[in-house]
Amino acid sequence: MHISLRRLIFVFFVLVFVISAPLVVFYTAGYRLIISNQHLQQTGVLAISTWPRGSNIIFNGQNLAQKTPFVIQRIMPNTHDVSLQKKGYHEWSQRIRVDEGRTSYITARLFADSEPKLLASSAASLALRAQSEEPINADFNPDITFFNNGSNIEVRTGSTLSPQLIGLLPIGEYHLLEIDDQYILIANERDQAFVVAREGGRVVELATPILAYDWLPDEHLLLWTDGAEVNIYNASSGEQTFVTREGQTVADVAWHPTADSFFVVSGATLSAYDASVHETREVTPLLVETQINDIWLDTAGKNLYFTEPNSTKVFQLPLMQ
């Protein structure tokens, strides 16, 4: 072979290496070349986990071979459609934003596609007893009193001989709803509710009256409704979050014990809501055209119980297979 041709071939391969090597490095680092504008775009990552594990992943309409938990690498920054499916469970679907150079997370709870069953009298009695149990440490004596000083209602704790002032409320008649070791939930005769911090005297008035609620003492989370709106209050951060406004009367609300989801009875529909929000909040109808009065869950979150209006019957709805 002529020496000039050899040199030409050598120069060609050197140029190929010089051009391709950085591209390989950038590709490995998660960058993609956008042909339209000759721009290098860093990709993102999506980490997906579900309860229960082993759910099928449909990403932008494509059924992936892998099951949850799974991490999808090198995703172009954009909003993507994700569906999670498992036999015997309601489908979970959301639009997820993935940003360049960052990892987005999905932690989804799938609920069993099951039918409620009427409990026998003995099982119904146990379920009703569990509903009435106070979420307060049995060794903790709240000893809360109210005192009208003429200008405010003083919220006091401790013995009557040496009470400690922990908060001030507007003049009115009050009653206790919930107490834990850090916060007190109080409502007046108009169902206007206040959360009082036991330390520091912080008093927060809730945005709407409280007609039905559920309080998670370990997480200091309050879920409540005024019959139309559903809201969440995080006592630790002081954040109040509007969830939804229903066209039909909201009869009851309840947290899942893990705090990753909650349940709302609106009209004749029982729905499960994700506590976390992506592009929107995932809502899964569990029961429709069902008259429900009160709802509550067992401590493990495996079953949801409910009663019908003007009835003593108790029904059990399995949330897991």
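These numbers come from the heavy atoms of this one structure, side chains and all, not from hydrogens, waters or symmetry mates.
Applying the side chain to side chain contact (heavy atoms under 4.5 Å, CB included) test between W255 and each of L297, I232, L222 identifies I232 as the sole match.
The shortest non-hydrogen separation linking L185 to A193 is CD1-CB, 4.2 Å. Closest approach of T157 to R198, counting heavy atoms only: OG1-NH2, 3.8 Å. Shortest non-hydrogen contact noted between I96 and S104 is CG2-CB, 4.5 Å. In this structure, G88 and Q321 approach most closely via the heavy-atom pair O-NE2, 2.7 Å. The two residues P116 and L287 have their closest heavy-atom pair at CD-CD2, 3.7 Å. When every heavy atom of A300 is checked against every heavy atom of P257, the shortest pair comes out as C-CG, 4.3 Å.
Shown here are the side-chain hydrogen bond (donor to acceptor under 3.5 Å, both in side chains) partners of Y305, two or more places apart in sequence or in another chain: Q316. For E154, the salt bridge (Lys or Arg N to Asp or Glu O under 4.0 Å) test picks out R156, with sequence neighbours left out. Residues that satisfy the side-chain hydrogen bond (donor to acceptor under 3.5 Å, both in side chains) test with R202, not counting sequence neighbours, are absent from this structure. By the ring-ring contact (aromatic ring centres under 6.0 Å, His included) test, H90 is found to be paired with no residue, residues two or more places apart in sequence or in another chain being considered. For S311, the side chain to side chain contact (heavy atoms under 4.5 Å, CB included) criterion is met by E308, K313, not counting sequence neighbours. Scored by the ring-ring contact (aromatic ring centres under 6.0 Å, His included) test, Y213 finds no partners at all (sequence neighbours excluded). Annotation: salt bridge (Lys or Arg N to Asp or Glu O under 4.0 Å) contacts of D191 (sequence neighbours excluded): none. By the side chain to side chain contact (heavy atoms under 4.5 Å, CB included) test, T307 pairs with N293, D294, W296, V314, sequence neighbours left out. Residues forming a ring-ring contact (aromatic ring centres under 6.0 Å, His included) with H220 (at least two apart in sequence, or on another chain): Y183.
The salt bridge (charged side-chain N to carboxylate O under 4.0 Å, His left out) contacts involving residues 59-73 comprise nothing, where partners must be two or more places apart or lie in separate chains.
You'll find the side chain of V203 stays beyond 4.5 Å of the side chain of V195, heavy atoms only. Between Y89 and P52 the shortest side-chain heavy-atom distance falls below 4.5 Å. Residues L317 and S114 form a side-chain contact, since some pair of their non-hydrogen atoms from C-beta on lies under 4.5 Å apart. Here the side chains of I144 and I179 are in contact, with some heavy-atom distance below 4.5 Å. By the 4.5 Å heavy-atom criterion applied to side chains, V155 and L169 are counted as neighbours. Counting heavy atoms from C-beta outward, Y233 and L221 have side chains that stay 4.5 Å or more apart. Between Y273 and S261 there is no side-chain heavy-atom pair separated by less than 4.5 Å. Taking 4.5 Å as the limit, some side-chain heavy atom of R109 sits within range of a side-chain heavy atom of H256.
For the atom pair L319 CG and L304 CG, the distance stands at 5.5 Å (nearest 0.5 Å). Separating the CD1 atom in I210 from the CH2 atom in W215 is a distance of 9.5 Å, to the nearest 0.5 Å. Interatomic distance, OG1 of T290 versus CD of E115, reported as 8.0 Å (0.5 Å rounding). To the nearest 0.5 Å, atoms CG (N188) and CD (E205) are separated by 8.0 Å. Here the CZ atom belonging to R53 is positioned 10.5 Å from the NZ atom belonging to K86, to the nearest 0.5 angstrom. In this structure, the separation between CD1 on I48 and CZ on F70 is 8.0 Å, given to the nearest 0.5 Å.
With hydrogens and angles disregarded, a donor-acceptor distance shorter than 3.5 Å links the side chain of H175 to the backbone of A187. Without hydrogens or angle criteria, D274 side chain to S276 main chain gives no donor-acceptor distance under 3.5 Å. Counting only distance, with no hydrogens or angles, the side chain of Q240 and the backbone of A207 share a donor-acceptor pair below 3.5 Å. In this structure, the side chain of N63 does not engage the main chain of I58 through any donor-acceptor pair within 3.5 Å. Checking side-chain atoms of N234 against main-chain N and O of G238 turns up no donor-acceptor pair under 3.5 Å. Without hydrogens or angle criteria, D99 side chain to R102 main chain gives no donor-acceptor distance under 3.5 Å.
A donor-acceptor contact under 3.5 angstrom links the side chains of Q94 and T280, judged on distance only. A side-chain donor-acceptor contact under 3.5 Å links T258 and D260. With 3.5 Å as the limit, one finds a donor-acceptor pair spanning the side chains of S83 and E91. Residues N60 and D81 have side chains that never bring a donor and an acceptor to within less than 3.5 angstrom of each other. Judged by distance alone, the side chains of W224 and T208 do bring a donor and an acceptor atom under 3.5 Å apart.
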Side chains of residues 262-272: which donor-acceptor pairs under 3.5 Å do they make with residues two or more places apart or in other chains?
from: S266; atom 1: OG; to: E246; atom 2: OE1; distance (Å): 3.2

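Ring pair W92/H278 is perpendicular by interplanar angle, where above 60° counts as perpendicular and below 30° as parallel.
Sparse packing is recorded around OH of Y105, with 12 or fewer heavy atoms of other residues, nucleotides or ligands lying under 6.0 Å away. No more than 12 heavy atoms of other residues, nucleotides or ligands shown are found within 6.0 angstrom of CD on E289. Counting non-hydrogen atoms of other residues, nucleotides and ligands closer than 6.0 Å to CD of E173 gives a total of 12 or fewer.
Both L110 and M320 are members of a single hydrophobic cluster when ILVMFWY side chains are connected at heavy-atom separations under 4.5 Å. Y174 and L165 end up in different hydrophobic clusters when Ile, Leu, Val, Met, Phe, Trp and Tyr side chains are linked at under 4.5 Å. Both V98 and F59 belong to a single network of hydrophobic side chains, linked directly or stepwise wherever heavy atoms of I, L, V, M, F, W or Y lie under 4.5 Å apart. Cluster annotation: I184 and L216 are assigned to distinct hydrophobic clusters (Ile/Leu/Val/Met/Phe/Trp/Tyr, side-chain heavy-atom contacts under 4.5 Å, transitive).
Other residues sharing a hydrophobic cluster with V277 under the 4.5 Å side-chain heavy-atom criterion for ILVMFWY residues do not exist; the residue is a singleton.
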